[in-house]
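Below is one structure, written out as structure tokens, with a few remarks after it.
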2 protein chains.
Amino acid sequence: MVTLAEVAQHAGVSASTVSYVLSGKRSISVPTRERVEQSIKQLGYHPNAGARALASSRSNIIALMVPLRTDMYVPVMMEIAIAVATTARTHGYDVLLLTGEEGPAAVRRIAGSSLADAMILMDVELHDERLPLLRETDRAAVLIGLPADTDGLTCVDLDFEATGALCVEHLAGLGHREVAVIGEAAAVYERHTGFAERTVDGVRAKAREAGVRVLHRPCEGGYPAMAQTLSRIFDERPGTTGFIVQNESAVEPLLNLLRQQGRAVPEDVSVVAICPEQVAAQASVRLTSVAIPAQEMGRRSVEQVVAKLSGRGTDEVELLAPELTVRESTGPAPG
Amino acid sequence: MVTLAEVAQHAGVSASTVSYVLSGKRSISVPTRERVEQSIKQLGYHPNAGARALASSRSNIIALMVPLRTDMYVPVMMEIAIAVATTARTHGYDVLLLTGEEGPAAVRRIAGSSLADAMILMDVELHDERLPLLRETDRAAVLIGLPADTDGLTCVDLDFEATGALCVEHLAGLGHREVAVIGEAAAVYERHTGFAERTVDGVRAKAREAGVRVLHRPCEGGYPAMAQTLSRIFDERPGTTGFIVQNESAVEPLLNLLRQQGRAVPEDVSVVAICPEQVAAQASVRLTSVAIPAQEMGRRSVEQVVAKLSGRGTDEVELLAPELTVRESTGPAPG
DNA sequence: ATGAAAGCGCTAACAA
DNA sequence: TTGTTAGCGCTTTCAT
């Protein structure tokens with residue numbers, strides 16, 4: 001392995017000069033810098049990560065804790081993770097992938113060992129077990145999601161209340177007066193991840209304002225569950241003409257079932273989805289939707305974390321504004 | 001931060017003793033060990049990762065390179081990644097998440113900096129750019145996938161030839177004589193990832209043996225593409241009664257289109273899918289399928305890597321045996 | 001069974 | 001603008 005000392009010798013300078021060329025922390029004369037850079041290239045030098053971490057007490061690693069639940073929509077997690085990893089690289093950081101399995105202990109382990117300079121936690125629950133530990137730690141952290149108490153924490157999330165409101169606004173604008181919300185599986189609500197509730201809150205608030213009736217039903221995904229949920233909805237509210245779906249695995253079943261029942265989309269009923277763009281665009285009817293901005297969430301969380309690490313930190317809740325894209329699943333209310 | 005020296009002082013022993021208690025690399029008297037463990041717990045000591053890496057030249061980190069392509073089925077990648085992370089932890093390793101973005105340079109960077117002790121590469125292509133670098137490196141590595149030249153490399157993958165054969169065998173056993181293979185998008189074949197070709201090879205070989213006619217068509221996912229592909233298949237081979245689908249985003253469109261055309265599954269046509277269990281089980285018709293054993297692939301790749309790191313290394317290609325699960329999409333050939 | 005001490009490769013004062 | 005040097009916290013030989 002090529003060491004910094006070898007580079008120094010090869011370039012005819014001291015070790016610290018090489019170090020400073022690398023870090024840019026002090027000015028180096030042009031010829032010296034060029035010689036050093038030349039030597040680095042020639043010898044194929046790469047700074048040793050461990051030594052660097054030890055000497056500087058900075059690992060340049062960000063830990064990303066992803067849940068290992070299966071009831072969250074996986075592509076979104078992956079998209080966030082990829083966005084985190086690529087954004088982190090542009091700031092000189094690598095990403096350590098932690099699964100939720102270790103639970104709160106992982107926070108202690110990573111912080112204690114100085115393996116990572118900072119942590120990004122995904123799928124945060126309202127009363128997340130990891131938060132107390134996180135607050136004790138001096139480590140920088142950013143949450144993707146919104147816990148009940150955000151005091152002293154930095155959070156990034158989609159503004160789900162605004163999302164719910166936006167969906168209602170769109171449907172109301174098209175003349176729909178009876179709207180059903182098909183939500184996540186009951187387990188998601190019970191887990192109190194918050195986002196599902198926040199969406200419904202937003203829906204309700206805007207509905208009241210717009211004079212729209214709302215019926216909210218959680219739904220496990222898949223055909224059988226969706227069939228049951230749908231028939232119950234029409235039993236209870238036969239006049240329902242608008243649907244807001246926040247459950248990827250219910251989208252396609254819903255469309256199929258409506259078709260089977262002879263209800264045309266969007267002529268008879270309108271459907272707005274809250275889901276990743278890809279799901280909306282590839283569904284059997286191209287769906288009017290509010291996108292889950294997974295990439296943006298990943299990117300912003302890294303930027304927040306990097307800001308914190310550079311002292312420009314802000315303990316702030318950043319809610320991303322929802323955007324509704326009109327496609328072919330919504331139209332004027334019938335009649 | 002609590003250091004090893006502090007633990008030593010607190011326990012009234014030398015630093016090396018504490019180190020050896022931790023590593024188990026030499027025998028320690030019971031009372032001493034207990035005192036040390038007591039101190040460790042009491043002080044909340046965690047060994048510093050950087051110092052450890054520097055002194056031992058082992059980071060206890062495995063790098064995982066995931067592709068950032070979008071044309072691979074994302075949940076499978078994620079499942080592998082999670083399996084890698086959790087399995088790694090059981091062996092005392094953490095996982096560094098690298099995206100393909102950096103390309104071959106990432107291999108150099110990680111190896112050069114000793115950031116990771118080993119690498120696991122996903123989505124390996126037949127003539128992968130990273131392989132030459134990998135061979136130069138002394139770092140342990142395992143590929144998920146099968147390049148053209150596996151010499152000196154350890155690979156883990158599903159046995160796609162056997163998978164293709166297994167599908168044909170199942171259909172042939174049910175009396176089907178004309179089978180169509182709906183493959184991945186053309187881009188996947190052009191990229192020469194290999195697995196798609198291997199499947200078709202397996203299909204062809206077994207078909208010859210079983211006297212089954214085979215038509216193979218790549219297919220972009222989604223409805224329009226699937227519609228076109230399907231009509232071409234029936235134009236060319238009106239007698240087709242069996243389908244083998246290796247393309248997650250074509251599955252649901254295919255089922256819908258067959259239904260629309262009045263072809264009942266499995267009464268008129270049978271469908272075998274090569275896809276994750278979840279996709280097969282949640283489709284609108286529960287699909288007979290060969291599963292992509294994502295977890296197993298992740299787990300095995302870590303175990304291989306760990307074996308290599310402990311010297312018990314094997315440069316071996318490990319092909320996982322496919323398993324076909326019969327569900328409701330296959331039945332006897334009509335007529 | 002335990003201790004003492006020499007590094008591992010780098011960073012960052014402190015000097016010049 | 002550059003060099004000298006003292007650690008960073010741990011592992012591991014060499015002693016005892």
Side-chain angles (χ1 to χ4, degrees), chain A residues 1-37 39-40 43-61 92 109-117 138 309, chain B residues 1-37 39-40 43-61 92 109-117 138 309:
Chain A
M1 226 189 75
V2 186
T3 69
L4 183 146
E6 296 176 286
V7 174
Q9 189 170 15
H10 185 271
V13 297
S14 74
S16 62
T17 297
V18 178
S19 177
Y20 284 120
V21 166
L22 253 29
S23 69
K25 286 188 180 169
R26 78 180 182 191
S27 46
I28 305 282
S29 71
V30 176
T32 304
R33 156 177 290 110
E34 280 172 353
R35 269 212 323 292
V36 171
E37 281 167 348
S39 300
I40 288 178
L43 301 180
Y45 168 73
H46 283 274
N48 179 292
R52 199 168 239 195
L54 178 56
S56 66
S57 27
R58 277 171 151 281
S59 63
N60 282 290
I61 288 178
R109 186 171 67 84
I110 299 302
S113 66
S114 296
L115 222 188
D117 300 331
D138 53 331
L309 288 173
Chain B
M1 226 189 74
V2 186
T3 70
L4 182 146
E6 296 176 286
V7 173
Q9 189 169 17
H10 184 271
V13 298
S14 74
S16 60
T17 297
V18 177
S19 177
Y20 283 118
V21 165
L22 252 29
S23 69
K25 285 187 181 170
R26 80 180 181 192
S27 46
I28 305 282
S29 72
V30 177
T32 305
R33 159 178 289 109
E34 280 173 353
R35 269 210 326 289
V36 170
E37 280 168 350
S39 299
I40 288 178
L43 301 180
Y45 168 72
H46 283 271
N48 179 292
R52 198 167 239 195
L54 177 56
S56 66
S57 31
R58 275 168 152 285
S59 63
N60 281 291
I61 288 179
R109 186 171 68 83
I110 299 302
S113 65
S114 297
L115 221 189
D117 299 331
D138 54 330
L309 288 172

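Only a predicted model underlies this, so the values are computations on that prediction, with no experimental measurement involved. Convention: sequence-line order gives letters A, B, ...; per-chain numbering from 1.
Partners of Glu34(B) according to the side chain to side chain contact (heavy atoms under 4.5 Å, CB included) rule, which considers only residues two or more places apart in sequence or in another chain, are Val30(B). When the side-chain hydrogen bond (donor to acceptor under 3.5 Å, both in side chains) test is applied to Arg109(A), the partners found at least two apart in sequence or on another chain are Glu102(A), Asp94(B). The side-chain hydrogen bond (donor to acceptor under 3.5 Å, both in side chains) test applied to Asn60(B) returns no partner, not counting sequence neighbours. Residues forming a side-chain hydrogen bond (donor to acceptor under 3.5 Å, both in side chains) with Ser114(B) (at least two apart in sequence, or on another chain): Arg139(B). Applying the salt bridge (charged side-chain N to carboxylate O under 4.0 Å, His left out) rule to Arg35(A) yields no partners; only residues at least two apart in sequence or on another chain are considered. Under the side chain to side chain contact (heavy atoms under 4.5 Å, CB included) criterion, His10(B) pairs with Ser39(B), Gln42(B), Leu43(B), sequence neighbours left out. For Ser14(B), the side-chain hydrogen bond (donor to acceptor under 3.5 Å, both in side chains) test picks out Ser16(B), Thr17(B), with sequence neighbours left out. A search for side chain to side chain contact (heavy atoms under 4.5 Å, CB included) contacts involving Glu37(B) returns Val21(B), Arg33(B), not counting sequence neighbours.
Taking a heavy-atom distance under 4.0 Å as the criterion, the stretch of DNA chain D touched by chain B extends 5' to 3' from dG9(D) to dC14(D).
Between Leu4(B) and Gln9(B), the closest side-chain pair of non-hydrogen atoms is not below 4.5 Å.
Using five terminal pairs a side, the axes of the helix from dA1(C)-dT16(D) to dA16(C)-dT1(D) at its two ends make an angle of 30°, given in steps of 10 degrees.
Screening residues 18-27 of chain B for side-chain hydrogen bond (donor to acceptor under 3.5 Å, both in side chains) gives no qualifying pairs among residues at least two apart or on separate chains.
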Letter by letter from the 5' end, nucleotides 9-16 of chain C scores (B base, S sugar-phosphate only, - none; protein heavy atoms under 4.0 Å) BBBBBB--

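The CD-C1' distance, from Gln9(B) to dA4(C), rounds to 16 Å in whole Å.
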